[in-house]
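What you see below is based on every heavy atom in this structure, not just the backbone, and it leaves out hydrogens, waters and symmetry mates.
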Amino acid sequence: MTSHLDGAVIPTRFDVPVEPLRRSAHFTGEPGCIAEARRFAAHFLQQLRTEWCATVDERADGAVLLVVSELVTNADRYSDGPYILELEGTDSSLTVAVYDSSPSLPRVFPRNPERVGRHGLEIVRALARDVRVERVPVGKRVRAVLDLGAG
């Protein structure tokens, strides 16, 4: 941030970006896409640390990678085509959005420790502060917002 006093520029603290950091990746569903999506997210977290001076605690780091895994796995498993992973972050939060071609909205099932599988959205909801699912013209978008900072 910069202050101006009688024409003099006085730095008041380091400048931080105004716009959130945004990146997207397209996946075809080929083997290895889920691991590639996790690497993409890990690189994005490092960019947030560097470019936004974000403090990402260990829990948040793991939560982001797990949410990416769950959402990309669901898109891979239930859509009939490619899918897009979008990440948007600041120093305090990160949004994970996955677009896929299936118009079917995911369901959250009642808790059942004996059920095998179908816990993905339940896990995402436990880790994120906000989860939204909506139809878009080409299918659906599942969006999760996670807090990053230690505190």
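Atoms OH and CG, from Y99 and L85 in turn, are 11.0 Å apart once rounded to the nearest 0.5 Å. Taking CG of L45 as the reference point, atom CD of Q47 lies at 9.5 Å (rounded to 0.5 Å). In this structure, L66 CG and R59 CZ are separated by 10.0 Å, a value rounded to the nearest 0.5 Å. How far NE2 of H119 is from CG of L121: 12.0 Å, rounded to the nearest 0.5 Å. Put simply, CZ on R125 and CD on E70 are 14.0 Å apart, with the number rounded to the nearest 0.5 Å. Residue D76 holds its CG atom at 4.5 Å from CD1 of I34, rounded to the nearest 0.5 Å.
For residues 81-91, the pairs satisfying salt bridge (charged side-chain N to carboxylate O under 4.0 Å, His left out) are R22-E88, with sequence neighbours left out. Note on residues 34-49: pairs passing salt bridge (charged side-chain N to carboxylate O under 4.0 Å, His left out), not counting sequence neighbours, are R49-D61.
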> For L94 and F44, what are the C-alpha separation, side-chain angles and deciding distance, and is it a side chain to side chain contact (heavy atoms under 4.5 Å, CB included)?
Replying inline: CA-CA 10 Å; L94 187 141; F44 184 84; 3.4 Å; yes
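The residue from T90, V64, L148 that alone fulfils the side chain to side chain contact (heavy atoms under 4.5 Å, CB included) condition with L48 is L148.
Across all their heavy atoms, S93 and V145 have their closest contact at CB-CG1, 4.5 Å. Nearest heavy-atom pair across V72 and Y83 is CG1-CE1, 3.5 Å. Closest approach of S24 to I84, counting heavy atoms only: CB-CG2, 4.4 Å.
A heavy-atom distance below 4.5 Å is not found between the side chains of Y78 and P106. For the pair V67/L146, a side-chain contact is recorded, criterion being any heavy-atom separation below 4.5 Å from C-beta on.
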With a cut-off of 3.5 Å and sequence neighbours excluded, list every side-chain donor-acceptor pair involving residues 127-138.
unit_1: R129; atom_1: NE; unit_2: D147; atom_2: OD1; d: 2.7
unit_1: R129; atom_1: NH2; unit_2: D147; atom_2: OD1; d: 3.2
unit_1: D130; atom_1: OD1; unit_2: R132; atom_2: NE; d: 3.4
unit_1: D130; atom_1: OD2; unit_2: R132; atom_2: NE; d: 2.9
unit_1: E134; atom_1: OE2; unit_2: R141; atom_2: NE; d: 2.8
unit_1: E134; atom_1: OE2; unit_2: R141; atom_2: NH2; d: 2.2
unit_1: R135; atom_1: NE; unit_2: P103; atom_2: O; d: 3.2
unit_1: R135; atom_1: NH2; unit_2: P103; atom_2: O; d: 3.4

